[in-house]
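Since the structure comes first, as structure tokens, the remarks are kept for the end.
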Amino acid sequence: MVNIAVLGYGTVGSGVVEVINTNGARINQRVGDEISIKYVLDLRDFPGDPIQDKLVHDFEVIINDPDVQIVVEVMGGIEPAYTFVKRSLQAGKSVATSNKALVAKHGAELLSIARDHHINFLFEASVGGGIPIIRPLNSSMTADEIEEITGILNGTTNYMLSKMFYEGADYGEVLKEAQAKGYAERNPEADVEGYDACRKIAILSSLISGQQVDFEDIHTEGITKITKEDMLYAKTMGMTIKLLAMSKRSGDHLNAIVAPYMLHKEHPLYSVNGVFNAIFVHGNVLGDAMFYGSGAGKLPTASAVVADVVDEAKHLNRNIMTMWKSDKLNLQPISDTRKRFFVRIQGNADAMKAHLESRFGPVEIIKAEGLAEEFGFVTEVMAEGEYEKYAAEFPSIVHMIRVEG
Ligand code: HSE
């Protein structure tokens, strides 16, 4: 028997219990042993729920029980999760977690403790919810140099942008709908400002580089400035707008960004709509691959956590190598990264085109129906620092959205 303890009986924690109850027989066949939930840690009581029999309020019960071999951390946040996970690993217990904030900040250290103790620290659910992406990167695509990861890693904002695009809805309107459906929190900042996607791409960037990519170093913009007029321009150009989390190699450098992007119809992420997530990966020998599915939610997330428990139960006392050292990777400055820019500007296109081209080079003028006082233009590929320098000369710029591809 392999005994596990679940830290946190919230949405994901109760999902983990449900998945094990529903699919236990099959899971046990796959492990070749019986997975048994010995404890659930939560400050609350759950009278009437069968879990009450396994409920403990004190982490010391779990850490001091040598029969507990695997700890599932689904509490979220940095503390006390970090202390509990670290102590569990130091005590020789493998840990599976869905906690992206914890993994992004302390992943390298926790992996190293796991390695030293010949156990495992796995975190499949921390990025893309139920979509396998960590394990493919760590175990399947190991023959490749990963040159690009571009993901739609936040379901809430993808739901909102899809509604704005297909229904012509306003940002404020779709935010209220996302909150009513339980996708967006009452304080929606983590999703709409891109912070959630930023932690996730920091984790993926660390995994593909093998070094520590600090999420604080990743240029992050959310979707709060995107309007239905922007969507109108996107439609006129045969594009859509998506919040992309991106990590790309350019020569010896890696650059990473989270920002809304104009995306062409031909891009594989164009048709990823609603709360779905997808991750596009390009390897130097594999070429393109894409991972698509449910990026959040109780059971999809719990499915990924339990899959980690299965892997850990199959590798008791043997570390599955994950290349992520603690030495910091310095990302390429955003001003050096090169791309095309879509820009909305007030004024008359015919009168301004020559001036614009004297700075930005050849531009394509875009006129959207019903927007008479302004127009849009798309630059050729240029360095972002250069774009910023010239844009400062045009105070009537409304705003800029980067173009992918
Ligand atoms: N708030 C996140 C999302 C949940 O909308 O994708 C998963 O991290």
Side-chain angles (χ1 to χ4, degrees), residues 8 10-16 19 72-78 81 96-107 122-134 149-165 171 174-207 215 218 220-224 226 241-246 258-261 269 272-280 291-308:
T11 306
V12 182
S14 58
V16 166
V19 168
V72 171
E73 187 279 305
V74 283
M75 310 166 74
I78 299 292
T97 182
S98 58
N99 187 336
K100 61 196 161 257
L102 174 73
V103 177
K105 197 166 170 56
H106 297 291
L122 299 181
F123 43 88
E124 181 62 70
S126 65
V127 181
I131 307 171
I133 180 62
I134 307 285
I149 295 191
T150 299
I152 293 176
L153 297 179
N154 184 267
T156 304
T157 47
N158 202 47
Y159 168 84
M160 292 171 65
L161 292 174
S162 302
K163 282 241 157 200
M164 289 173 75
F165 183 73
Y171 175 83
V174 294
L175 175 59
K176 276 203 201 103
E177 271 184 58
Q179 284 169 322
K181 283 193 180 300
Y183 299 146
E185 307 278 332
R186 211 167 334 142
N187 176 359
E189 204 180 54
D191 293 318
V192 298
E193 296 292 359
Y195 305 153
D196 172 79
C198 172
R199 265 97 183 142
K200 292 169 178 168
I201 196 66
I203 294 170
L204 298 181
S205 303
S206 298
L207 285 174
F215 66 84
I218 298 176
T220 300
E221 291 173 25
I223 64 161
T224 55
I226 301 298
I241 301 174
K242 295 286 184 195
L243 182 69
L244 297 184
M246 205 182 272
V258 174
Y261 270 82
L269 294 173
V272 176
N273 288 313
V275 285
F276 283 100
N277 282 196
I279 303 123
F280 168 84
F291 301 82
Y292 171 86
S294 300
K298 172 176 168 167
L299 291 178
T301 308
S303 157
V305 173
V306 175
D308 279 349

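Keep in mind that what you see is a predicted model, and the values were worked out from it rather than measured. Every number for a ligand or one of its atoms is a count from 1 in the order of the listing.
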How far is atom 3 (C) of ligand 1 from its nearest protein heavy atom, and which residue and atom is that?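 Here the nearest protein heavy atom works out to Asn154 ND2, 3.3 Å.
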For atom 5 (O) of ligand 1, what's the nearest protein heavy atom and its distance?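 Heavy-atom neighbour on the protein nearest atom 5 (O) of ligand 1: Thr156 OG1, 2.6 Å.
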On a heavy-atom basis, which atom in Val272 and which in Ala278 lie closest, and how many Å separate them?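 Distance-wise, the nearest heavy atoms are CG2-CB, 3.6 Å.
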Can you tell which part of Val275 has a heavy atom less than 4.0 Å from ligand 1: side chain, backbone, both or neither?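 The answer is neither.
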Contact check: Lys200 vs ligand 1, nitrogen or oxygen atoms, below 3.5 angstrom: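 Yes, since at least one N or O of Lys200 sits under 3.5 Å from an N or O of ligand 1.
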Regarding ligand 1, does Asp191 bring an N or O atom to under 3.5 Å of one of the ligand's N or O atoms?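 It does: an N or O of Asp191 is found under 3.5 Å from an N or O of ligand 1.
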Nearest 0.5 angstrom please: [X] [atom1] to [Y] [atom2], how far?
X	Y	atom1	atom2	result
Ile203	Ile149	CD1	CD1	11.5 Å
Ile152	Lys242	CD1	NZ	5.0 Å
Phe215	Lys105	CZ	NZ	6.0 Å

Can you list the ligand 1 atoms lying under 4.0 Å from a non-hydrogen atom of [X]?
X	value
Lys100	8 (O)
Gly155	3 (C), 5 (O), 6 (O)
Ala296	4 (C), 7 (C)

Are Lys298 and Val12 packed together at the side-chain level, in the sense that at least one heavy-atom pair is separated by less than 4.5 angstrom?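 Contact flag for Lys298/Val12 side chains = no.
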Asn273 and Lys163: side-chain donor and acceptor closer than 3.5 Å?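 The answer is no; no qualifying pair exists.
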